[in-house]
Amino acid sequence: MSEFHNNEHEPCYILAVETSCDETSVAVVKDGKEVLSNLIASQIETHKAFGGVVPEVASRKHVENITLMLEEAVKKAGIGLQDISAIAVTQGPGLVGALLVGVVAATSLAMALDKPLIGTHHIAGHIYANRLVAHLEYPCMALVVSGGHTELVYMKSEGSFEVIGRTRDDAVGEAYDKVARAIGYPYPGGPHVDRLALEAEEAVDLPRVWLEPDSYDFSFSGLKSAVLNVVNQRKMRGEPPMEGAIARGFQESVVEVLVTKAIRAVKAYSAKQLLLCGGVAANRGLRRELERKCQEEGIELIIPPFEYCTDNAAMIGAAAYLKWKERKFTGLNMKAMPQFSLEEWSVQE
């Protein structure tokens with residue numbers, strides 16, 4: 001679908017929609033890097049009662065929010081609907097029902113305004129959130145850490161993605177939530193574990209899972225089981241729970257493996273930058289250790305501010321701009337793709 005033409009001398013305004021999980025977000029991004037508006041309606045309080053995200057509830061909340069947020073995002077950006085260059089939307093991966101709400105809204109608006117549609121990959125969005133705050137140099141390496149994803153992604157050039165390592169079981173954010181639940185803290189557990197870990201004066205010794213010597217893959221299910229064993233053994237012996245020491249031991253194990261593999265990948269692929277991406281990029285323990293290690297190794301590290309770490313539509317607008325420049329648009333019959341491949345979405349082969 002390439003009947004739309006863009007004038008290189010005119011600004012590009014992308015209206016972006018993100019509904020892959022439990023945040024409804026709409027943004028307007030100019031030329032792929034200037035955020036004119038970025039509205040986020042979080043559902044954390046709603047899902048907290050269930051101890052995790054309930055897909056059906058998430059979808060209903062998106063339906064309630066999406067229309068008003070589309071109107072407000074355009075209004076806040078200070079432009080009119082006629083000024084919009086393209087409509088971008090998260091096509092996947094994510095919860096299928098949640099994705100569908102965004103896809104239907106974006107497709108309907110693109111049809112009504114006769115504007116091009118850009119189906120966008122959620123992880124490409126997390127990676128290109130870094131472009132909202134810094135100039136990216138290629139080749140670069142991205143460490144993606146979120147509730148549903150833990151990946152090392154090599155980018156030889158702009159819009160080219162090669163996943164060189166991924167989790168074989170739990171994503172790191174998922175592991176944090178499970179450990180938090182085991183030591184008595186509510187969903188979402190990541191911030192609680194991070195805080196406890198930084199406050200604790202001692203740490204329970206927990207295993208590091210390295211897998212094969214040359215592997216960039218990750219595994220956190222064994223570490224989660226080790227935490228549960230410590231918790232249960234202390235209960236059986238009638239000993240105090242030591243939440244802080246357990247949290248610190250868990251976080252130190254996770255961070256050491258993530259940082260070591262990321263640094264090794266940067267060196268092996270001669271990457272010019274390391275990008276930290278995803279919701280767990282807000283973790284202070286991970287940020288501090290990655291900053292310390294990158295400074296020690298002379299590696300340029302880019303970490304977006306907190307509002308661009310969690311799911312948001314500005315990052316989708318930033319990634320969609322790659323497709324806009326190449327005039328690679330999506331048909332109005334676009335389907336939500338809950339298992340969407342990042343490599344498949346690559347702009348450059």
(message) On a heavy-atom basis, which atom in Asn38 and which in Ala27 lie closest, and how many Å separate them?
(response) OD1-CB, 3.5 Å
(request) Assess the side chains of Gln273 and Asn130: does a donor N or O sit below 3.5 Å from an acceptor N or O? (result) no
(request) Would you please classify the geometry between the Trp324 ring and the Phe329 ring as parallel, tilted or perpendicular, with 30° and 60° separating the classes? (result) tilted
(message) Hydrogens and angles aside, do Asp170 and Ser221 bring a side-chain donor and acceptor to less than 3.5 Å of each other?
(response) no
(message) Please give me the minimum heavy-atom distance between Leu152 and Ala265, naming the atom from each residue.
(response) CD1-CB, 4.2 Å
(request) Provide the closest heavy-atom pair for Leu206 versus Val230 in the form atom of the first, atom of the second, distance. (result) CD2-CG2, 4.2 Å
(message) Can you see whether Glu18 engages Ser20 through a side-chain donor-acceptor pair at a distance of less than 3.5 angstrom?
(response) yes
(request) Ignoring hydrogens and angles, state whether a donor on the side chain of Asp194 or Gln251 is under 3.5 Å from an acceptor on the partner side chain. (result) yes
(request) Flag the pair Arg208 / Glu252 as yes when at least one side-chain heavy-atom distance between them is below 4.5 Å, and no otherwise. (result) yes
(message) According to a hydrophobic-cluster definition based on side-chain heavy atoms being under 4.5 Å apart (Ile, Leu, Val, Met, Phe, Trp, Tyr only), do Val89 and Val63 belong together?
(response) yes
(message) So which atom in Gly102 and which in Val17 form the shortest heavy-atom distance, rounded to 0.1 Å?
(response) CA-CG1, 4.0 Å
(message) Does Glu199 form a salt bridge (charged side-chain N to carboxylate O under 4.0 Å, His left out) with Arg284? I'd like the steps, not just the answer.
(response) CA-CA 12 Å; Glu199 292 173 354; Arg284 290 172 296 166; over 6 Å; no
(message) Looking at Lys33, is its backbone amide N or carbonyl O close enough to the side chain of Asp31 to form a donor-acceptor pair, meaning the two atoms are under 3.5 Å apart?
(response) no
(message) So that I know where these two stand, are Tyr128 and Tyr321 an aromatic pair - ring centroids less than 6.0 Å apart?
(response) no
(message) Between Thr260 (side chain only) and Glu256 (backbone N and O only), is there a donor and an acceptor less than 3.5 Å apart?
(response) yes
(message) How close do Ile66 and Ala105 get, counting heavy atoms only, and between which atoms?
(response) CG1-CB, 3.8 Å
(message) Quick check: closest heavy atoms across Glu300 and Lys272, and the distance to 0.1 Å?
(response) CB-O, 3.9 Å
(request) Go through Glu174 and Lys224 one step at a time and tell me if the salt bridge (charged side-chain N to carboxylate O under 4.0 Å, His left out) criterion holds. (result) CA-CA 10 Å; Glu174 188 181 1; Lys224 175 197 65 186; over 6 Å; no
(message) Looking at Ala200, is its backbone amide N or carbonyl O close enough to the side chain of Arg248 to form a donor-acceptor pair, meaning the two atoms are under 3.5 Å apart?
(response) yes
(request) Apply salt bridge (charged side-chain N to carboxylate O under 4.0 Å, His left out) to the pair Arg287 and Glu291, showing each step before the final yes or no. (result) CA-CA 6 Å; Arg287 280 179 177 244; Glu291 285 169 350; 5.2 Å; no
(request) Report the relative orientation of the aromatic rings in His126 and His122; use parallel for angles under 30°, tilted for 30 to 60°, perpendicular for over 60°. (result) perpendicular
(request) Test the Lys261-Trp210 pair against the cation-pi criterion, namely NZ or CZ under 6.0 angstrom from the six-membered ring centroid and within 45° of the ring axis. (result) no
(message) Apply salt bridge (charged side-chain N to carboxylate O under 4.0 Å, His left out) to residues Glu71 and Lys75 and explain how you reach the verdict.
(response) CA-CA 6 Å; Glu71 293 175 4; Lys75 182 180 176 182; over 6 Å; no
(request) Check whether any side-chain N or O of Thr150 sits under 3.5 Å from a backbone N or O of Ala171 as a donor-acceptor pair, and report yes or no. (result) no
